[in-house]
Amino acid sequence: MTEVNMKIDGREVKAEQRSPLLGAIRSLGIHVPTLCHIDGLEPYGVCRMCIVEVKRGKRTRLVTSCNFPCEEGLEVSTDTERVRQHRRIMAELLLARCPDVPKIQELAKSVGVDKSRFKVTEPSDCVLCGLCVRVCDQIVGASALSFIGRGNERVVGTPWYVDPNSCIACGACAYVCPTGAMHMEEKTAERWRRALAS
């Protein structure tokens with residue numbers, strides 16, 4: 001293991017080279033909001049809430065800390081006005097998509113957002129964080145869920161919207177879902193109880 005030296009909010013820290021920056025930040029007890037991140041799953045960086053500002057040489061830019069690698073000499077700022085502004089905009093977008101989801105309301109409030117200025121067109125409970133898809137693929141190994149469609153038509157579902165034979169009704173997808181959009185249906189659970197009993 002190769003260690004690198006960095007500065008996070010002005011504090012010196014050592015971290016494993018190329019490990020996700022979020023781990024080094026949290027090791028200092030600094031809170032960074034996340035929605036699509038769970039330890040043990042490959043980082044995805046889609047919710048953009050874990051954004052931080054990094055400086056290398058004279059260049060400064062915003063990056064997602066869950067999937068940006070630790071590197072020698074990196075200077076990281078987790079609470080600049082630019083970072084706070086970006087998180088507020090992302091919270092507004094999430095609120096426009098999921099205005100009635102308590103987890104999203106709580107996350108938005110934590111960054112100072114009470115309501116979204118963006119128009120709510122078709123409210124949803126799903127924020128497309130991909131946790132259910134990734135846990136099914138990477139941990140369970142069933143790959144029973146995937147993203148379907150593109151752009152604003154993107155959804156999470158099963159292939160051809162039918163019950164996949166690969167689903168073992170373990171409930172991992174429902175367990176990791178931060179918004180409650182994914183849940184176990186009693187008929188699915190019962191079907192698998194009967195199948196496993198025979």
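Any value given below was found using the heavy atoms of this structure, including those in side chains, with hydrogens, waters and symmetry copies removed.
- Shown are Arg117, Lys119, Arg87; of these, the salt bridge (charged side-chain N to carboxylate O under 4.0 Å, His left out) with Glu92 is made only by Arg117.
- Linking ILVMFWY residues whenever their side-chain heavy atoms come closer than 4.5 Å, directly or via other members, places Met182 and Tyr44 in the same cluster.
- With values rounded to the nearest 0.5 angstrom, Cys36 atom SG is found 11.0 Å from Leu128 atom CG.
- With respect to Arg134 and Glu42, no salt bridge is recorded, no charged nitrogen being found less than 4.0 Å from a carboxylate O.
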Which side-chain N or O atoms in residues 171-178 pair as donor and acceptor under 3.5 Å with protein atoms at least two apart or in another chain?
none

Under 3.5 Å donor-acceptor pairs involving side-chain atoms of residues 70-79, not counting sequence neighbours:
residue	atom	partner	partner atom	Å
Glu71	OE1	Arg56	NH1	2.2
Glu72	OE1	Asn5	N	3.1
Thr78	OG1	Asp9	OD1	3.3
Thr78	OG1	Asp9	OD2	2.5
Asp79	OD1	Arg84	NH1	3.4

Output side-chain donor-acceptor pairs under 3.5 Å for residues 27-34, partner residues at least two apart or in another chain, one line each.
residue	atom	partner	partner atom	Å
Ser27	OG	Ala24	O	2.6
Thr34	OG1	Arg26	NH2	3.3

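- A donor-acceptor contact shorter than 3.5 Å links the side chain of Thr80 to the backbone of Val83.
- Put simply, Val63 and Val13 are part of the same group of oily side chains (I, L, V, M, F, W, Y) that touch within less than 4.5 Å, one to the next.
- Other residues, nucleotides and ligands place no more than 12 heavy atoms under 6.0 Å from the CD atom of Glu153.
- Between Ser116 and Leu95 the shortest heavy-atom distance is CB-CB, 3.9 Å.
- The two residues Cys66 and Cys50 have their closest heavy-atom pair at N-SG, 3.4 Å.
- Between Leu41 and Leu131, some side-chain heavy-atom pair lies under the 4.5 Å cut-off.
- Under the 4.5 Å side-chain criterion, counting only non-hydrogen atoms from C-beta, Thr158 is in contact with Leu145.
- In plain terms, the two heavy atoms of Ser19 and Ala15 that are nearest each other are OG-CB, 4.5 Å.
- Interatomic distance, Ser124 OG to Ile104 CD1, rounded to the nearest 0.5 Å: 10.0 Å.
- When all heavy atoms are compared, the tightest approach of Cys129 to Val46 is O-CG1, 3.6 Å.
- Residues Ile38 and Val135 have side chains not in contact (no heavy-atom distance under 4.5 Å, counting atoms from C-beta outward).
- The hydrophobic clustering, which links ILVMFWY residues whose side-chain heavy atoms are closer than 4.5 Å, places Val133 and Leu35 apart.
- Note that OG of Ser65 and CD1 of Ile25 are 4.5 Å apart. Values are rounded to the nearest 0.5 Å.
- In this structure, NZ on Lys109 lies 12.5 Å from NZ on Lys115, to the nearest 0.5 angstrom.
- Taking CZ of Arg97 as the reference point, atom CG of Asn152 lies at 9.0 Å (rounded to 0.5 Å).
- Applying side-chain contact (heavy atoms from CB on, under 4.5 Å) to Leu94 and the options Ile89, Val101, Val127, Thr179 leaves one that passes, Val127.
- A 4.5 Å side-chain heavy-atom check between Val111 and Met90 finds every atom pair outside the cut-off.
- Both Leu107 and Phe118 are members of a single hydrophobic cluster when ILVMFWY side chains are connected at heavy-atom separations under 4.5 Å.
- Looking only at side-chain heavy atoms (C-beta outward), Val155 and Phe147 stay at 4.5 Å or farther from each other.
- Here the straight-line distance linking atom CD of Glu12 with atom CE of Met6 works out to 10.5 Å at 0.5 Å rounding.
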